[in-house]
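Here is the naming used below: chain letters follow the sequence lines, and residue numbers restart at 1 for every chain.
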Amino acid sequence: MEEILKVDGLTKSFKQPKKLFKKAEGPHNVTAVDNLSFIAFKGEIFGLLGPNGAGKTTTLRMLATLIKPDSGNAFVDGKSIVSDEDAVRRKIGFLTSELKLEDAFTPDYLFDFFSGLYGIEKSVVQSRKFSLFQKFGIDAFKYQKYGNLSTGMKQKVALVVSIAHDPDFIIFDEPTNGLDVLTARVVTDFLQELRADGKTIILSTHIFSLVEKLCDRVGIIIGGKLAAIDTLANLTKDKSLEDTFFDLYEGVTGEKI
Amino acid sequence: MKNVLLIIKKEFNRFFKDKRMVLMIFLPGVLIFCLYTLIGTVMENVSPTIPDDYMPSAYFYRLPDDFNDMSDLFKPQEYDSLEDAKSAVTSGDLDIVVEFPADFMDKYGSITPPDVKIYYNSSNETSFAGYSLATAVLSYLNAFTINSSADTFDLVDADEQATSILAMLIPMLMFSLLASSCISVAPEAIAGEKERGTMATMLITPVKRIEIVLGKIISLSCYAILSGLVSFLGVILALPKLSGGLVNLGAFSYGAGTYFMLFGLIISIVLLMISAFSVLSTLAKSVKEASAYIGPLMLVIILLGMASMFFTNPSVGLYAIPFIGSGIAMSAVLSMTASVVGVLLAILANLVLAALMVVLMGFMFKKENIMLKK
């Protein structure tokens, strides 16, 4: 299998807000991601599973070059996220609730604008827009202002815009959060289609069923560290993914849930 | 460069498809036009133009018999006392009071000549005309002094005098108009995008940070310049009315060079303002915070523009001081006393400082703790 992502000892810590450490209790820095290493292969859906605050989003933000690691590195198709950010940005698509689109614009304009920033030829943009808008039913509201759309419509537009440049490597952070069952289904079906097209997907979630449905391999993150990494089949050989996760959680934190 | 254009286009789309933003371009200009026209109309009524055959009214106090002919040039008026006559000058009922000293005839032609006092009201055109006429007639005799003591002879009311300062306020007014155009867009365009999370969406694309900065600065400046020019147009269009009343700037005798220098100054001032405001907007987490940072800076800028009024004979070096230099240059251009070197220096200083701010913003856009802080 061809290796497309190599994460090598990624570490990231954040300063606590001043008011929190005024009383001199606890550390001034909180380590969100602690020496994280893993590999993802071309054409697979790799799931990052973990509770809130485990460091999933921070890891993805580093991979998307939005923030820099304190130490360690990661290579997307051989390009470093630290020293070759522009090349990495060209190769990836990133969908997260943190990234928003401007309310004043229409889906049609937003697609054209972001495609333009990636330097994609106009004819390619038009044909790609046509097929993606049709697939997601965006045609019906493509000239309405983004701000006037429903949550489901917005998520569809955000998804389509994030892959406007047809990236081979796509990062989805909680892609079905806040969606109704119908839209969630459209999204999960699309992720499978992307995999069938040979794209690599990194999927961060805390929903077990989503991991079980979609992922080929899974990395479980607890407290910023990788607690386990294996194929879904191996992780669920003896017990359900949920039980495996809670056993690991208890082992790492010592907390019985 | 292609990305810069794309971002400029996007910003223009945001500005010009929003009715409120379009209204904000024209509103200050229309308001200033209405305000100036109103001031002009009021001033016109206060001080009508003097007809050619107008004879100023005068009260002569202790008029020597030998000077009786002088009263033929005026409409002599009678008052109970000198003080009553002076009050009439202030109120506009009487044009001038001419007071001869008691010992006028004794001193007349001596080594210590007598001093004649002429009281007038500078806010009243006919009074001023009377004062000029009386001075001219009495000076002809050349055997005594006029108004040489330390008394106050201009009996103008303080409020009326204040309006004549208006002419000096044009640069400060332009500064305020341009600054308010800039402040209406700068906080929203960067801090607003950060706050809404749309900036981060742009930051994960391969577009260079400096391209985003340039796209923002250029588009914001275009908007502010457009708004500033509409305001300026409001001032220019209202000038004939205004000058008919009190202030005569001779606006329509300005040549193309003057307008060219003014335009250059306006563009460079806007670029500097937008860059300075954008740096603060980049530092802020929200539009509210950005407005809080920019507000005091805007006041400082307007005060600096005002400070330029106090340099009556500025050295060339002063032109290179941001905002003060631009204010001095603008005053000089408007009063047609500007040196091209000085104006160019002011423009260059603004552009260099604006460029430095753009570079600074390029660095700031690469800092995650600035761009992504919550």
Side-chain angles (χ1 to χ4, degrees), chain A residues 12 14-15 17 57-58 60-70 79 81 84-106 108-110 112-122 125 145-147 157-158 161-162 164-165 167 170-171 173, chain B residues 1-22 185 188-216 219 223 285-287 362-374:
Chain A
K12 181 75 181 175
F14 294 106
K15 268 189 190 158
T57 301
T58 303
L60 299 189
R61 291 171 87 197
M62 284 191 277
L63 295 182
T65 74
L66 211 49
I67 57 175
K68 274 192 192 305
D70 297 338
K79 306 289 180 191
I81 60 160
D84 207 353
E85 295 155 299
D86 279 352
V88 173
R89 287 175 189 139
R90 280 185 197 286
K91 286 181 180 290
I92 61 163
F94 185 30
L95 179 71
T96 166
S97 58
E98 185 194 3
L99 302 181
K100 302 275 169 46
L101 297 170
E102 284 194 59
D103 285 348
F105 297 130
T106 63
D108 187 72
Y109 180 82
L110 286 165
D112 289 351
F113 174 67
F114 282 98
S115 303
L117 290 184
Y118 283 94
I120 299 165
E121 239 180 78
K122 273 189 182 160
V125 174
K145 279 188 183 174
Y146 183 75
V157 176
V161 167
S162 73
H165 54 299
I170 306 158
I171 303 168
D173 186 16
Chain B
M1 194 60 210
K2 205 180 134 211
N3 286 334
V4 177
L5 286 175
L6 261 173
I7 292 165
I8 292 174
K9 245 168 83 179
K10 185 202 85 161
E11 293 296 319
F12 280 176
N13 257 316
R14 203 162 60 83
F15 296 152
F16 299 116
K17 284 189 179 161
D18 185 339
K19 282 177 198 150
R20 277 170 307 176
M21 303 230 20
V22 175
V185 281
E188 223 290 320
I190 297 173
E193 282 223 38
K194 279 171 67 180
E195 191 178 6
R196 292 192 303 271
T198 53
M199 183 62 84
T201 316
M202 212 141 52
L203 292 177
I204 59 155
T205 69
V207 60
K208 301 227 174 324
R209 275 39 182 165
I210 195 76
E211 289 178 323
I212 303 178
V213 173
L214 281 173
K216 288 273 180 194
S219 53
Y223 178 88
K285 283 179 286 204
S286 62
V287 177
F363 284 113
M364 289 166 80
F365 266 59
K366 286 181 185 164
K367 297 277 177 205
E368 65 188 54
N369 53 355
I370 292 177
M371 297 312 290
L372 300 168
K373 71 178 171 188
K374 290 262 164 71

Work out which heavy atom in B:N13 is nearest to a heavy atom in A:F105; give both atom names and the distance. CB-CE2, 3.7 Å
What part of B:E193 is in contact with chain A, defined as an atom under 4.5 angstrom from a non-hydrogen atom: side chain, backbone, both or neither? side chain
Test side-chain contact (heavy atoms from CB on, under 4.5 Å) on A:Y109 and B:K10; report intermediate values, then the result. CA-CA 9 Å; A:Y109 180 82; B:K10 185 202 85 161; 3.4 Å; yes
What residue in B:D18, B:L6, B:I7 has the most heavy-atom pairs under 4.5 Å with chain A?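 Maximum pair count with chain A is reached by B:L6.
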Salt bridge (Lys or Arg N to Asp or Glu O under 4.0 Å) against B:R209, all qualifying residues, sequence neighbours excluded: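 Partners of B:R209 under the salt bridge (Lys or Arg N to Asp or Glu O under 4.0 Å) test: none.
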I need the [X] [atom1] to [Y] [atom2] distance, nearest 0.5 Å.
X: B:M202; Y: A:F114; atom1: CE; atom2: CZ; value: 6.5 Å
X: A:Y118; Y: B:N3; atom1: OH; atom2: CG; value: 11.0 Å
X: B:R14; Y: A:D103; atom1: CZ; atom2: CG; value: 11.0 Å

Does anything in residues 363-371 of chain B get under 4.5 Å of chain A by heavy atoms, and if so which residues?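 Checking residues 363-371 of chain B against chain A gives B:E368.
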Option from A:T96, A:L117, A:L66, A:I171 for which side chain to side chain contact (heavy atoms under 4.5 Å, CB included) with B:I204 holds: A:L66
Kindly write out the residues that satisfy ring-ring contact (aromatic ring centres under 6.0 Å, His included) with A:F14, not counting sequence neighbours, or none if the list is empty. none
Interface residues of residues 86-93 of chain A facing chain B - heavy atom cut-off under 4.5 Å: A:D86, A:R89, A:R90
I need the residue from A:H165, A:K68, A:E102 with the largest number of non-hydrogen atom pairs under 4.5 Å to chain B.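 Going by pairs under 4.5 Å, I would pick A:E102.
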